[in-house]
J.: 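The structure follows.
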Amino acid sequence: MEKTTVNIGSNYMDFVCKFHQTIRSQNIILVYEGEINQSITKAFSSMTEQNLEAEADSSVTQKRVYHVMVECLQNVSKHADSEKTGEPIIPGRGIFIVSHNESDYTVTTGNVIANDKIEIITAMLNKFNALNPDEIKEEYKRMIKESRLSEKAGAGLGFIDIVKKTGNKIEFHFEKINDKTSFFVQKSSINREK
Amino acid sequence: MELINIAATDETPKVILDTQNNVFEFSGKSLPEDVTTFYNPILDWLESFGLEPSNPSKFVFKMDYFNTASSKLILDILMKLEEIHEEHSCIAVEWYFREDDEDMEEAGEEYKDIVDIPFEIKSY
């Protein structure tokens, strides 16, 4: 990956001020980097559940944000790979960002994955993103009937469920790290209904 | 039949499977890290229940939230109930959703479409 990180150097205080400004200007309400396990998942989702109520969003919106957060966090916790080896690491680690503007909330995750998963993830996301709401419902019903739990106890329904619940496409991007791994970023949006 | 009475936690639902009082209920949240550890004993219980079901039995689902892995296990429970119903015609399902929770209502409708059991969807 190209080195674009800011050199903090001796001016750490300045970095903190700019970092804070950036977070505020992007309306980021939560940003985290590190291990993502079940207790982190529960803590963030319940924290946001409480914070959102103050924002006067409808309970449907609040619940969808909560739902998408749980699915995204559990995705990272179950499917992130090691940067060096490309082998799975449990619990996974990654970056997690929640932000909002007037019209929607966004939930973004980023984590390392093995390069050999890129094709299958791309195919899956492109497929779901291309379906209309009725097709998504039918595909979901077909998948839930046929799905078998993986060793990691995932049902493989996370992505399609997000598309179905939010009615929005999942944006995604892969940034190559090395021959074995890439950084996988995915962003889901939840429309704000008052 | 052995009584199952599991209290709700912040990641698993309250479950009552009580043949003596004919009460069968799932309620609350479900997002455990490992769904199989939580749900397998319940599926095993239903397996034995299917050999000698009480007649008739109403299974109530009053879920507040569940993740996708749990949604699969809830379908497994409903399919087990469908199997029992096919043989004994004794099962009814009541699916409750909070009045303003359209997603939970839709989840009920999807399950109702998939399984062939008397299935009522009600708001509360």
Side-chain angles (χ1 to χ4, degrees), chain A residues 36-46 49 57-75 77-78 90-91 133 136-167 190 193, chain B residues 8-13 28-43 62-83 95-117 119 123-124:
Chain A
I36 294 178
N37 56 28
Q38 176 74 353
S39 50
I40 293 278
T41 299
K42 282 194 298 185
F44 287 169
S45 17
S46 63
E49 198 175 30
D57 286 297
S58 74
S59 62
V60 172
T61 304
Q62 289 170 33
K63 227 166 148 188
R64 283 182 187 153
V65 174
Y66 175 85
H67 187 93
V68 170
M69 284 179 69
V70 172
E71 291 303 322
C72 289
L73 288 163
Q74 289 187 330
N75 260 347
S77 121
K78 289 182 177 176
I90 302 264
I136 278 283
K137 273 189 199 174
E138 284 313 306
E139 179 65 10
Y140 180 83
K141 269 192 254 173
R142 189 189 68 76
M143 283 179 70
I144 193 173
K145 275 190 273 187
E146 288 176 7
S147 97
R148 295 283 167 271
L149 288 181
S150 68
E151 279 168 34
K152 296 168 191 164
L157 297 167
F159 288 145
I160 189 167
D161 193 65
I162 291 171
V163 175
K164 178 164 79 78
K165 281 225 165 66
T166 65
I190 302 100
E193 286 172 20
Chain B
T9 69
D10 61 354
E11 60 173 39
T12 51
K29 279 184 177 185
S30 182
L31 61 149
E33 193 166 21
D34 182 1
V35 281
T36 48
T37 308
F38 183 79
Y39 284 99
N40 275 352
I42 292 163
L43 289 165
K62 208 168 183 176
M63 298 299 296
D64 182 41
Y65 166 79
F66 49 86
N67 66 354
T68 53
S70 302
S71 71
K72 173 64 187 165
L73 272 296
I74 291 171
L75 179 62
D76 287 349
I77 289 170
L78 291 169
M79 288 173 88
K80 181 61 72 186
L81 294 176
E82 181 184 39
E83 232 173 73
W95 182 274
Y96 285 87
F97 64 95
R98 224 174 51 195
E99 203 171 23
D100 56 0
D101 192 347
E102 55 189 74
D103 290 345
M104 195 52 76
E105 181 181 12
E106 191 175 304
E109 282 162 4
E110 282 161 2
Y111 285 130
K112 185 180 178 172
D113 267 5
I114 297 173
V115 291
D116 193 10
I117 334 175
F119 199 116
S123 67
Y124 69 95

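Chain letters run A, B, ... following the sequence lines, proteins first, then strands; residues in each count from 1.
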J.: Before you tell me yes or no, could you show the steps for A/Lys63 and B/Asp101 under side chain to side chain contact (heavy atoms under 4.5 Å, CB included), namely the whole-Å CA-CA distance, both residues' side-chain angles and the distance that decides it to 0.1 Å?
T.: CA-CA 9 Å; A/Lys63 227 166 148 188; B/Asp101 192 347; 2.3 Å; yes
J.: Is B/Glu102 paired with A/Arg64 through a side-chain N to carboxylate O contact shorter than 4.0 Å?
T.: yes
J.: So, for B/Ser71 and A/Leu157, which heavy atoms are closest and what is the spacing to 0.1 Å?
T.: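 Smallest heavy-atom distance, with atoms named: OG-CD1, 4.0 Å.
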J.: What part of B/Leu31 gets closer than 4.5 Å to chain A, counting heavy atoms only: side chain, backbone, both or neither?
T.: both
J.: For A/Ser45 and B/Tyr65: C-alpha separation, side-chain torsions, deciding distance, then whether side chain to side chain contact (heavy atoms under 4.5 Å, CB included) applies.
T.: CA-CA 12 Å; A/Ser45 17; B/Tyr65 166 79; over 6 Å; no
J.: Test side chain to side chain contact (heavy atoms under 4.5 Å, CB included) on B/Asp10 and A/Ser46 and set out the steps.
T.: CA-CA 9 Å; B/Asp10 61 354; A/Ser46 63; over 6 Å; no
J.: Do A/Lys137 and B/Glu109 meet the salt-bridge criterion of a basic N to acidic O distance under 4.0 Å?
T.: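 A/Lys137 and B/Glu109: not salt-bridged.
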J.: Is chain B contacted by the side chain of A/Lys42, its backbone, both, or neither, given a heavy-atom distance below 4.5 Å?
T.: side chain
J.: Could you check if a side-chain atom of B/Arg98 sits within less than 4.5 angstrom of a side-chain atom of A/Ser59, using non-hydrogen atoms only?
T.: yes
J.: For the side chain of B/Glu33 and the backbone of A/Ser39, is there at least one donor-acceptor N/O pair under 3.5 Å apart?
T.: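 It does not hold such a pair.
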J.: Step through the shown structure and confirm whether more than 12 heavy atoms of other residues, nucleotides or ligands are within 6.0 Å of CD on A/Glu146.
T.: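 Yes, CD of A/Glu146 has more than 12 neighbouring heavy atoms, counting only those of other groups under 6.0 Å.
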J.: Could you tell me which of B/Asp100, B/Asp103, B/Asp76, B/Thr37 has the largest number of non-hydrogen atom pairs under 4.5 Å with chain A?
T.: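 The candidate making the most pairs under 4.5 Å is B/Asp103.
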J.: Does B/Asp116, at its CG atom, have more than 12 non-hydrogen atoms belonging to other residues, nucleotides or ligands within less than 6.0 Å?
T.: no
J.: For B/Tyr111, is it the side chain, the backbone, both or neither that has a heavy atom under 4.5 Å from a heavy atom of chain A?
T.: side chain
J.: With the side chain counted from C-beta on, respond yes when A/Lys164 and B/Glu110 share a heavy-atom pair under 4.5 Å apart, and no when they do not.
T.: yes
J.: Kindly give the heavy-atom pair with the smallest separation between B/Lys72 and A/Ile144, and that separation in Å.
T.: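 Smallest interatomic distance, heavy atoms only, reads NZ-O, 2.8 Å.
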